[in-house]
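Each chain gets a letter, A, B and so on, in the order the sequences are listed, and its residues count up from 1.
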Amino acid sequence: MSASDPPDDIDSEAWEAWATEVVDGTGFDVELGVGLARDAQRVARGEMTEAEYQDKYHEAVLDEFGVDDRPTAPEPQKADGSPLPGVPGTGNGKRSRRSMLKTAGAIGLGTLGLSAAQQSTRTVAAQSGDGDSEPDVQMGMAINTDRCIACLQCMDACNEENGNPAESLWMAVLRYQEDDYTDNEEFLTRPCQHCSDAPCETACPTNARYTREEDGIVLTDYDQCTGCRYCEVSCPYGVNYMEWAEPGGGDFEADRDVDGVTAAGSAPQGTMGKCTFCAHRQVSDDESLQGTTACEDVCPVDAIHFGDMNDEESAPRQHLANDTGGQPTYRLLEDKGTDPNIVYVGNEPSRTATQTDGPTGENEFDLVRERHGRREIEIGSHEDDD
Amino acid sequence: MSTTNNTILTPLKTLSVKFLALVVVLGIAALVMLEAIVHQLQHGLAVTDLASWGTQEGVTWGIYIGTFEWFAGMAVGALAAVGYIRYNELTRYDIIARIGELWALIAGLSAAYLIVIDLGRPDRVLNILTAWFVTVQYSPLAWDVTFVTALLVMTSTMLILSLRRDFSEMNLNKLPVYTALIGELLTLGFRPEEREKLDSMLRWLGLALLILAFTGGMVPGWLLGVVGAQAGWYGGIAGIAFLSAGLLSGVAVLAITAGVLRYLYGMEEALPEEVFVGLGKALTLFGFVYLVVQFNNLLPSIFPMAPLAESQVGEAMLYGHFATDFWLAMAAVAIPMLILVLFRERMLAGGVGLAVVSVVMLWGVWVKSQLTVIEPLMYSSGLPYEVGTYVPTLVEWVITIGAILVAILLFSIATKLVPMGRLLDDTASTEEVRN
Ligand code: SF4
Ligand code: SF4
């Protein structure tokens with residue numbers, strides 16, 4: 001978000017100056033950038049059609065950037081150049097399942113005449129505005145597991161911050177070993193991946209699981225969730241924690257309210273909790289908290305970098321650009337098609353990796369893996385079973 | 001052919017001590033279950049052994065959902081049987097259709113009830129309905145709610161219309177007073193000219209039930225089948241696997257009920273041997289199809305070319321952790337099926353034999369339903385988590401078995417309230433000539 005707000009009149013000099021300053025910071029062709037921005041405003045106001053906009057700049061954008069990768073890049077066209085019917089503009093030329101669904105959602109609502117339905121607002125919000133269903137800001141993380149020393153401070157800080165019970169490990173550091181004749185123990189720092197194509201949302205029968213449009217964070221409306229756990233079974237990462245009993249965790253001090261939805265902090269009994277990217281911080285009045293998470297703050301080796309994945313200047317993007325130390329980068333279980341927003345730096349755990357024994361936080365911190373009242377977990381079950 | 005089937009009214013007209021004892025026992029079971037439900041409502045799902053998959057190394061769906069799948073399947077199977085009988089106007093199986101209507105309704109209700117029991121916030125079950133207009137476009141759980149609702153509505157309609165016809169053929173004065181009252185209510189404004197229209201409505205409604213069973217009937221299977229995160233669930237055969245289990249268990253529950261009714265009330269004429277032969281044939285076929293589908297679903301996963309996650313699930317089922325349960329379940333379907341093939345005539349003489357093999361088959365399907373739900377969650381794939389554990393608690397057992405016993409209780413009470421079929425003699429006999 002820019003510090004100064006743009007002047008209203010796009011034809012004024014003040015606007016020109018403001019836009020020039022913003023574009024100048026990117027190091028790209030200023031004239032083109034300002035023109036793009038001005039006409040984008042016109043499109044938003046309905047003074048120009050998207051097609052006109054595309055036509056006008058397609059060549060120039062190609063020249064400048066080598067590709068035309070704008071969120072509203074020209075849609076697939078028929079041979080005669082007319083647009084294909086029924087193909088909604090969904091960003092980056094690739095059509096995500098989520099945006100497909102949302103289009104379907106909006107169309108469905110229209111035909112049913114239910115635009116006022118309470119549930120619809122969040123889903124349809126994606127369709128309004130600039131017509132681009134991917135948020136401009138997409139919060140995410142770059143996590144450098146090569147740096148991780150499994151001190152588990154992120155896990156502890158997360159539970160403290162969110163007032164979670166000891167067994168709800170929204171942030172978990174998994175210890176594992178590859179079957180590669182080395183004794184190397186590796187770590188996987190695993191919060192919710194805040195997927196852009198989140199299967200947990202598709203599964204949810206109450207619409208409680210949703211993506212916050214402002215910043216792409218995946219949240220749970222605690223007032224809406226019925227605790228059916230369909231989100232949990234459909235998430236490939238195992239990051240969801242149902243509150244089976246009255247959560248006996250610490251206190252959550254911040255406001256649970258995120259734009260009028262109860263979605264921050266620990267989940268109440270019978271509902272589903274998971275990492276919120278410290279949503280209460282993102283909506284906090286305290287600017288120093290915005291754009292930060294508790295886990296990132298405490299990490300002693302600076303392995304966690306939180307920020308807007310669409311912004312080149314953000315901490316995660318900067319880390320990925322400059323600090324990977326030659327380590328590979330990857331997204332977890334990318335083949336599941338969830339489009340996760342956490343990029344890892346380090347070795348990806350293989351499908352045959354096995355968990356290794358080691359501190360999971362019981363000693364230093366107040367963390368456990370066992371659900372309260374259930375038997376103790378023994379490591380090594382995979383081998384035992386063979 | 002003798003058309004005397006007066007015995008059809010015997011369950012209505014008798015009230016034995018044995019029956020009362022059964023109701024009392026089942027009633028006590030219902031109370032115990034109620035106690036367990038109150039306990040669960042007070043303490044939350046913490047009283048179960050469910051836990052999150054992942055670091056908690058549990059399974060998040062357990063025997064409530066497994067039994068839900070079983071009941072939902074039973075409802076679909078009963079629905080299909082009713083549809084088939086009504087559409088083809090198999091008069092001799094009329095009583096089976098009535099039993100099926102009642103079971104489809106009761107099993108559907110039991111399934112819905114178990115879903116609510118499984119919710120962390122059962123008080124919010126209505127949220128599923130208020131969000132339905134949006135979520136039905138993508139959430140398979142919302143489809144499920146839709147399907148179960150459709151099933152309940154269509155079954156009730158079938159039950160009401162067929163009862164209207166059956167009551168209209170009876171002398172209400174000869175029936176117990178409460179049954180007569182129901183009859184009175186259901187035949188309100190009945191005119192004899194309506195008979196023909198009713199007949200054709202039942203027939204077409206039967207076709208609609210059949211279609212529903214073979215299309216929407218797969219939805220509870222898709223609930224698991226579309227979940228890409230869980231190896232062992234995801235795949236194109238999930239709907240078919242569910243349907244094949246449903247057809248088997250649906251027909252099995254009809255066979256059990258018919259056998260028990262015939263035995264208890266001496267309904268030899270109303271339930272002639274041919275009916276049991278027919279049911280036995282259906283069970284043999286559906287048992288065979290069930291086994292073929294199950295193994296088709298599983299065997300590819302243990303081939304060396306199969307993906308790792310799938311093979312873990314398949315191996316645990318076929319010769320790992322769950323092998324005993326799995327093979328017992330398969331034997332519970334296969335052996336009765338073989339018995340039916342080999343000794344059909346002798347076994348079926350009284351219907352009791354068929355009831356016994358049906359119970360065994362039903363148990364087998366139940367066990368496999370549990371494994372289907374639990375196992376992939378336990379053998380999670382993808383990240384380095386441990387294999388989960390799950391041992392249902394007493395509360396879970398009490399509520400689950402309670403749900404089954406309450407279903408039996410409901411059916412038992414229903415036999416005292418509504419006739420089990422139509423009278424083929426006295427007043428209506430002339431109309432049967434055309435058959
Ligand atoms: S990691 Fe799981 S819970 Fe988080 S957004 Fe993705 S699918 Fe949903
Ligand atoms: S547990 Fe809650 S958030 Fe998850 S799918 Fe069910 S209702 Fe939605």
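Every pair passing salt bridge (Lys or Arg N to Asp or Glu O under 4.0 Å) that includes a residue from residues 123-147 of chain B is listed here, sequence neighbours excluded: B:Arg121-B:Asp123.
With hydrogens and angles ignored, the 3.5 Å screen pairs a side-chain donor or acceptor of B:Asn127 with a backbone N or O of A:Gln224.
Within the 4.5 angstrom heavy-atom criterion, atoms from both the backbone and the side chain of B:Leu223 approach chain A. Residue B:Trp143 does not touch chain A at all, counting heavy-atom pairs closer than 4.5 Å. Both the backbone and the side chain of B:Leu50 come within less than 4.5 Å of a heavy atom in chain A. With a threshold of 4.5 angstrom between heavy atoms, B:Leu377 approaches chain A through side-chain atoms but not through N, CA, C or O. Heavy atoms of B:Val226 lying under 4.5 Å from chain A belong exclusively to its side chain. With a threshold of 4.5 angstrom between heavy atoms, A:Ala203 approaches chain B through N, CA, C or O but not through any side-chain atom. Only the side chain of B:Leu308 comes within less than 4.5 Å of a heavy atom in chain A; its backbone stays farther off. For A:Cys235, the part lying near chain B is the backbone, with the side chain staying farther off; criterion is any non-hydrogen pair under 4.5 Å. A:Thr352 touches chain B through backbone and side chain together, each having a heavy atom under 4.5 Å away. When heavy atoms are compared at a cutoff of 4.5 Å, B:Thr48 approaches chain A by way of both its backbone and its side chain.
Side-chain atoms of A:Ser234 and B:Val227, non-hydrogen and from C-beta on, do get closer than 4.5 Å to each other. Between B:Gln56 and A:Arg369 the shortest side-chain heavy-atom distance does not fall below 4.5 Å. With a 4.5 Å cut-off on side-chain heavy atoms, B:Pro140 and A:Tyr230 count as touching.
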Test log, rule side-chain contact (heavy atoms from CB on, under 4.5 Å), inputs B:Leu383 and A:Leu333:
CA-CA 8 Å; B:Leu383 299 191; A:Leu333 307 181; 4.2 Å; yes
Applying side chain to side chain donor-acceptor pair (under 3.5 Å), run through B:Ser52 and A:Arg229 and close with a yes or a no.
CA-CA 9 Å; B:Ser52 294; A:Arg229 314 189 289 296; over 6 Å; no
Would you sort out whether B:Ser139 and A:Thr202 count as a side-chain contact (heavy atoms from CB on, under 4.5 Å), showing the intermediate values?
CA-CA 6 Å; B:Ser139 173; A:Thr202 311; over 6 Å; no
For a side chain to side chain donor-acceptor pair (under 3.5 Å) check, start with the C-alpha distance between B:Ser381 and A:Arg351, then their side-chain angles and the critical distance, and finish with the verdict.
CA-CA 7 Å; B:Ser381 57; A:Arg351 298 292 168 100; 5.7 Å; no
Check the pair B:Thr135, A:Thr206 against side-chain contact (heavy atoms from CB on, under 4.5 Å), reporting the backbone distance first and the verdict last.
CA-CA 7 Å; B:Thr135 54; A:Thr206 64; 5.9 Å; no
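Comparing A:Cys228, A:Ser168, A:Ala172 by how many heavy-atom pairs each has under 4.5 Å with chain B, the most go to A:Cys228. Options A:Gln177, A:Glu232, A:Met242 differ in how many heavy-atom pairs under 4.5 Å they form with chain B, and the most are formed by A:Glu232. Contacts with chain A were tallied for B:Ala142, B:Ala309, B:Ala51; B:Ala51 has the most, counting heavy-atom pairs under 4.5 Å. Residue with the most contacts toward chain B among A:Pro349, A:Cys225, A:Gly373, A:Ser350: A:Cys225 (heavy-atom pairs, distance under 4.5 Å).
Screening B:Leu119, B:Val116, B:Ile115 against A:Thr226 for a side chain to side chain contact (heavy atoms under 4.5 Å, CB included) leaves a single residue, B:Leu119. With A:Val233 as reference, B:Thr60 is the one residue of B:Val373, B:Thr60, B:Leu224 to meet the side chain to side chain contact (heavy atoms under 4.5 Å, CB included) rule.
Counting all heavy atoms, side chain and backbone alike, A:Arg374 lies closest to B:Thr389 at NH2-O, 2.5 Å. For A:Thr354 against B:Pro384, the heavy-atom pair with the smallest separation is C-CB, 4.3 Å. Between A:Tyr237 and B:Tyr385, the shortest heavy-atom distance links the atoms O-OH, 2.7 Å.
Residues B:Thr55 and A:Arg190 have side chains that never bring a donor and an acceptor to within less than 3.5 angstrom of each other.
A:Asp335 CG: more than 12 foreign heavy atoms inside a 6.0 Å radius. By the neighbour-count criterion of 12 heavy atoms within 6.0 Å, atom OH of B:Tyr113 is densely surrounded, having more than that number from other residues, nucleotides or ligands.
Listed in order of number, the residues of residues 34-46 of chain B that approach chain A to under 4.5 Å between heavy atoms are B:His43, B:Gly44, B:Leu45, B:Ala46.
Between A:Arg371 and B:Asp49 there is no salt bridge, since none of the side-chain N atoms of the basic residue sits less than 4.0 Å from a carboxylate O of the acidic one.
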